[in-house]
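Below is one structure, written out as structure tokens; comments come after it.
Residue numbers count from 1 along this sequence.
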Amino acid sequence: MLQKYLRRILINRWVASIHDLLWVVMTVFLAFFFRFNLQELPEPYFAAFVRFSLLCLPVYAIFFWSFGLYRGLWRFASLPDLVRICKAVALGFCVVTLAAVLLFRVKDVPRTVFVLAPLLLTVALCGSRLLYRLLKDHRLKLRRQEGRRCLVVGAGRAADLLIRDLLSRQEYQPVVLVDDDRRKQGKELHGVRIAGPLADISKLIEPFAVELVIFAIPSVSRDTARRTLAQANAAGVEFKTLPSIHEQQDEAVAAAQLRPLTLDDLLGREPVGLDEMAISSYLRDKTVLVTGSGGSIGSELCRQVAAQGPKRLILFDHGEYNIYAIDHELRDAFPGLDIITVLGDVKNKERVDWVFRTFRPHAIFHAAAYKHVPMVELNPAEGVNNNVSGTRLVAEAADLYGAECFVMVSTDKAVNPANVMGATKRIAEIFCQNLAGRSQTRFITTRFGNVLGSAGSVVPLFQQQIEAGGPLTVTHRDITRFFMTIPEAVGLILQAGAMGEGGEIYVLDMGEPMLIRELAEQMIRLSGLVPGEDIDIVYTGLRPGEKLYEELFHASENLRGTSHAKLHLAESRQYEWRWLESELADLANAATSRDVARLRHHLEKIVPEYGGGDGGPEPKPGLKLVGG
């Protein structure tokens, strides 16, 4: 199949080359012919025409191939192709003129031929290609009357390229455009009228019999995308979009890139710049360990770390299928990377010690955690064992084996925790903060809210409920949460690892919190349905340990800015080390014995803000670790 395709391309190129060389001879003849007022050429001049043509043929053939006249398709001939023709003819003409002077001193070749021949040749080569494209476009236009009638949103560069491609496809028929730029309204783009602003979309759908609305503004704001989607949904018309400017790998824009609008398009934020050099400096050619590597955050950490060129990447997770999936993906994407896949549990001291003793990782990203609030509330001992004892085992191993840095992934639920999961993550933060002052390893904590689409989060739940026909269940009408895309969160985790000196808690800028009921409504609309009509939303009441709203930092943490716009620094709160070790031991014993009452008592002693408890020592006011 491939050989047949290549043979066809080669034949087409030779046919095009022969066509161009025939025009070389023809235009030279026409130049002589015009010189003699369209009369028959006298004998000496006919011989000069033959000599001159034989000189032009090899010269122009070389220049035509050198300038890539046969790399492009005539079907899509455009300005760059015409520029290449002009350059090839101009330089070829210079060489032909010089050769004619040196070889036969331009005997019997009228001077007008040297002017007319290249001009006629340029017109012929450009004209034949444009004529071919016009004929093809006309034939496609006749065939395309059955294509889906499209309204294109935007009339900029992306729309220009998209319209070109849509016009070449039988399955699409662009019929109208909209753009908020008043200077463009009333004009045409490739024969398609720009009928008005974006606010007029709903008015144009019926008159133009629109079947598909296409968003062709890659850098559009989320509010504009939401309003446009609402108009399309209200009219019962499908909605598609081009990838955002950050998704596009090159400048190519084509109908093949069109995709449905996603939740990230509506709720995500523009990715911020990262200091790639700083991130690469502590990961390149290093051994990196990612715990919880099969999870949503852990797997994305693996992808972004792998892209930094580490010497070795160690995947550590207790979920067999999850770690298999990310292992398979990484081996396909990074065939030259040394990947070590370890099936194990962070609660298993012997397994953790073996990993550190065997591979001596330089950087550790600790993403292993039990994070589902109601589940941990029902199983508090396991939450303590995994989130507290597991973190302690990995952190102490990092210290023992001289790791360069340890980055722990925390959560906004650790702030003023109202549940066991949040309290356990807060204790993990406290331990890492205080261990940093006793270790050569840089212990850094990153804290952020919900990520869109993570396993066990509300987004996959809503998606399942929509597929089942509803209703969507929301715990409270006024409940809010912070949201961030997984790639953005992980990028900032890597950035924090590069910036941290040890002991800091970096709080990721999550933007404004969002009402969960609005999230539910947006997901219903993305499915082409109407909230309250096609699918209902019901309110079930707050679950055990669930807060109405989340916080990103405690009042006493004195949040301040850093050199990165999306990273803030929460000042650490120091605890007396021996007291902390004693309490952690008692907490671990309570978890082992499944004594839930004693377990909760020690959670409150270590984290006084949990459950309203006031036990334990107050943080010492004078002891602070200042981060970079």
Check your understanding: Rounded to the nearest 0.5 Å, how far apart are CD1 of Ile535 and CD of Glu521?
Key -> 12.5 Å

Practice item. With rounding to the nearest 0.5 Å, note down the distance linking CG in Leu212 to CD1 in Ile205. Key: 10.0 Å

Do [X] and [Y] come within less than 4.5 Å of each other through their side chains, counting heavy atoms only?
{"X": "Val152", "Y": "Val213", "result": "no"}
{"X": "Leu313", "Y": "Cys302", "result": "yes"}
{"X": "Ile214", "Y": "Leu162", "result": "yes"}
{"X": "Leu119", "Y": "Val123", "result": "no"}
{"X": "Ile493", "Y": "Ile297", "result": "yes"}
{"X": "Met523", "Y": "Gln463", "result": "yes"}
{"X": "Arg284", "Y": "Ile279", "result": "no"}
{"X": "Leu177", "Y": "Leu189", "result": "yes"}

[X] side chain vs [Y] backbone, donor-acceptor pair below 3.5 Å:
{"X": "Glu504", "Y": "Ile444", "result": "no"}
{"X": "Gln185", "Y": "Ile194", "result": "no"}
{"X": "Glu329", "Y": "Ser299", "result": "no"}
{"X": "Asp180", "Y": "Pro197", "result": "no"}
{"X": "Arg447", "Y": "Tyr506", "result": "no"}
{"X": "Tyr282", "Y": "Leu494", "result": "yes"}
{"X": "Ser280", "Y": "Met277", "result": "no"}
{"X": "Gln173", "Y": "Cys150", "result": "no"}

Practice item. Could you tell me whether Arg157 and Asp160 have a side-chain N and a carboxylate O separated by less than 4.0 Å? Key: no

Practice item. Walk me through it: do Arg148 and Tyr172 pass the test side chain to side chain donor-acceptor pair (under 3.5 Å)? Key: CA-CA 5 Å; Arg148 300 182 69 187; Tyr172 295 104; 5.9 Å; no

Point to revise | Steps toward side-chain contact (heavy atoms from CB on, under 4.5 Å) verdict (Phe365, Leu283) | key: CA-CA 11 Å; Phe365 293 94; Leu283 297 178; 3.9 Å; yes

**Study point:** With Lys187 via salt bridge (Lys or Arg N to Asp or Glu O under 4.0 Å) - residues at least two apart
**Key:** none

Exercise for review: Would you please name every residue forming a salt bridge (Lys or Arg N to Asp or Glu O under 4.0 Å) with Asp534, sequence neighbours left out?
Suggested key: none

Practice item. Show the numbers, then the answer: is there a side-chain contact (heavy atoms from CB on, under 4.5 Å) between Tyr539 and Arg517? Key: CA-CA 9 Å; Tyr539 301 97; Arg517 61 179 168 84; 3.5 Å; yes

Between [X] and [Y], what is the shortest heavy-atom contact and its length?
{"X": "Gly156", "Y": "Asp179", "answer": "N-OD2, 4.3 Å"}
{"X": "Phe239", "Y": "Ala232", "answer": "CD1-CB, 3.7 Å"}
{"X": "Pro310", "Y": "Leu337", "answer": "O-CD1, 3.3 Å"}

Point to revise | Trace of the side-chain contact (heavy atoms from CB on, under 4.5 Å) decision for Val153 with Ile217 | key: CA-CA 7 Å; Val153 181; Ile217 312 176; 4.1 Å; yes

Practice item. List the steps, then state whether side-chain contact (heavy atoms from CB on, under 4.5 Å) holds for Leu472 with Leu461. Key: CA-CA 9 Å; Leu472 269 62; Leu461 173 62; over 6 Å; no

Practice item. Please indicate whether His328 has more than 12 foreign heavy atoms, meaning atoms of other residues, nucleotides or ligands, lying under 6.0 Å from its NE2. Key: no

Exercise for review: Scan side-chain atoms only and decide if Gln308 and Gln304 contain a donor-acceptor pair under the 3.5 Å cut-off.
Suggested key: no

**Study point:** Verdict with supporting geometry, Thr473 and Gln465, side chain to side chain donor-acceptor pair (under 3.5 Å)
**Key:** CA-CA 8 Å; Thr473 55; Gln465 292 175 337; 2.8 Å; yes

